[in-house]
Participant: 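Structure in structure tokens, see below.
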Number of protein chains: 2
Amino acid sequence: MSDSVALDPVDLHILRLLQNDARTTYRDLAAAVGVAPSTCLDRVARLRRSGVILGQQLRLDPAKLGRGLEAMLLVQVRPHRRDLIDPFVERIRGLPETRALFHLTGPDDFLVQVAVTGTGDLQRLVVDEFTARPEVARVETRLIFQQWDCGPLLPPG
Amino acid sequence: MSDSVALDPVDLHILRLLQNDARTTYRDLAAAVGVAPSTCLDRVARLRRSGVILGQQLRLDPAKLGRGLEAMLLVQVRPHRRDLIDPFVERIRGLPETRALFHLTGPDDFLVQVAVTGTGDLQRLVVDEFTARPEVARVETRLIFQQWDCGPLLPPG
DNA sequence: GTTGAAAGAGAGAGTCC
DNA sequence: GGACTCTCTCTTTCAAC
């Protein structure tokens, strides 16, 4: 299911371009890559079927939506058992403030990226949704000063 | 520049749908939202111009690309001065392993999400690209067990 | 992988409310 | 001002090569 998929230079070129703009037309893609548009369509369909491409998402500016403050919450869940973790994850995933959720190794079990209106909203979120839960043993709050876009995801080597 | 933008229920519905699939056609969007296709086109163009929509990105499965292990690196940069931070950020952003980069408050100055082929590759990355740099005072490595998709980003309230 | 034709989607002008 | 319809053009898709 999650084995690595063989990709040729055409596939890689397509993936690089679509990571910049997932709405690039197959015609433009074809011109840039140097194959026919129908070939691009074929390649992208194959990349979808093989699971390399999971989907395409809009990138939004949280500040423009009134969520001008972002933070990372490091959360320790004790006892660290599945019957406590699963409901915790479902609850946190469903919060409108949650942007990303990771289960990690190390002293903090979960990392949660949240977008809030300001420090008051952040305090409410931490106190009412995190530390209020009996399984949450500790929450460390780190504000996000800035975040950067990174290069496209490509195979190693 | 980063003030909140007024959005009506039609805008919100469009944003919710496009966050699931950024390639949804304006016709489908129009049918789901209950307005004419050209109106959808208009709304999306406006959301782009106002900066709410920053772009659209392909979501890929790193494991399918041969990067089956992901980790979070917590990095302390000392001294924490701009003339050291800026080159550090540019270098880290440009690494093929880097998926996300955050400047945070708290004891760890930077959080870096990386995708690598395995533990050997992770060790090489940490030792050669992070701790080898004189301004990097400390790196804490946390493996990512699992990560979850979250709901769409929407305004508060 | 390519070509070419049919079906489908996008972008604009004009019109109405 | 905002939304709708109509139309023209460009894009996607599919069958045949």
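Protein chains get the first letters and strands the later ones, always in sequence-line order, with residue 1 at the start of each. Quick caveat: nothing in here was measured; it's all calculated off a predicted structure.
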Participant: Nearest to the B/L41 side chain among D/dA3, C/dG10, D/dT12, which nucleotide is it?
Facilitator: C/dG10

Participant: So is A/R124 actually on top of A/F130's ring, under 6.0 Å and inside 45° of the axis?
Facilitator: no

Participant: NA contact type, B/S38, heavy-atom cut-off 4.0 Å: base, sugar-phosphate, or nothing?
Facilitator: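 B/S38: base contact, heavy atoms under 4.0 Å.
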
Participant: Testing the basics here: between A/V33 and A/L17, what is the closest heavy-atom pair and its distance to 0.1 Å?
Facilitator: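 Heavy atoms of A/V33 and A/L17 come nearest at CG2-CD1, 4.0 Å.
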
Participant: When all nucleic acid strands are considered with a 4.0 Å heavy-atom cut-off, which category describes A/T25: base, sugar-phosphate, or nothing?
Facilitator: sugar-phosphate

Participant: Report the distance from atom CG of B/L29 to atom C1' of C/dA11, rounded to the nearest whole Å.
Facilitator: 15 Å

Participant: Using a strict cut-off of less than 4.0 Å between a Lys/Arg side-chain nitrogen and an Asp/Glu carboxylate oxygen, indicate whether A/D108 and A/R138 qualify as a salt bridge.
Facilitator: yes

Participant: Could you tell me the separation between the CD1 atom of B/I14 and the P atom of D/dG2, rounded to a whole number of Å?
Facilitator: 14 Å

Participant: Rounded off to whole Å, could you give me the CG-to-P distance for the B/D42 and D/dG1 pair?
Facilitator: 13 Å

Participant: Let's see if you can work this out: which of D/dT13, D/dC4, D/dG2 has an atom nearest to the side-chain heavy atoms of A/Y26?
Facilitator: D/dT13

Participant: Tell me whether the side-chain N/O atoms of A/R43 come closer than 4.0 Å to OP1 or OP2 in C/dG1.
Facilitator: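 A/R43 to C/dG1 OP1/OP2: side-chain N or O found under 4.0 Å.
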
Participant: Using the rule that Ile, Leu, Val, Met, Phe, Trp and Tyr join whenever any side-chain heavy atoms are under 4.5 Å apart, tell me whether A/L54 and A/F102 fall into a single cluster.
Facilitator: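 A/L54 does not cluster with A/F102.
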
Participant: Nearest whole Å is fine: how far is C/dG10 C1' from A/D28 CG?
Facilitator: 14 Å

Participant: OP1 or OP2 of D/dT12 versus the side-chain N and O atoms of A/R23: is any pair under 4.0 Å?
Facilitator: no

Participant: With heavy atoms under 4.0 Å as the rule, sort A/R27 into base, sugar-phosphate or nothing.
Facilitator: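 Result for A/R27 = sugar-phosphate.
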
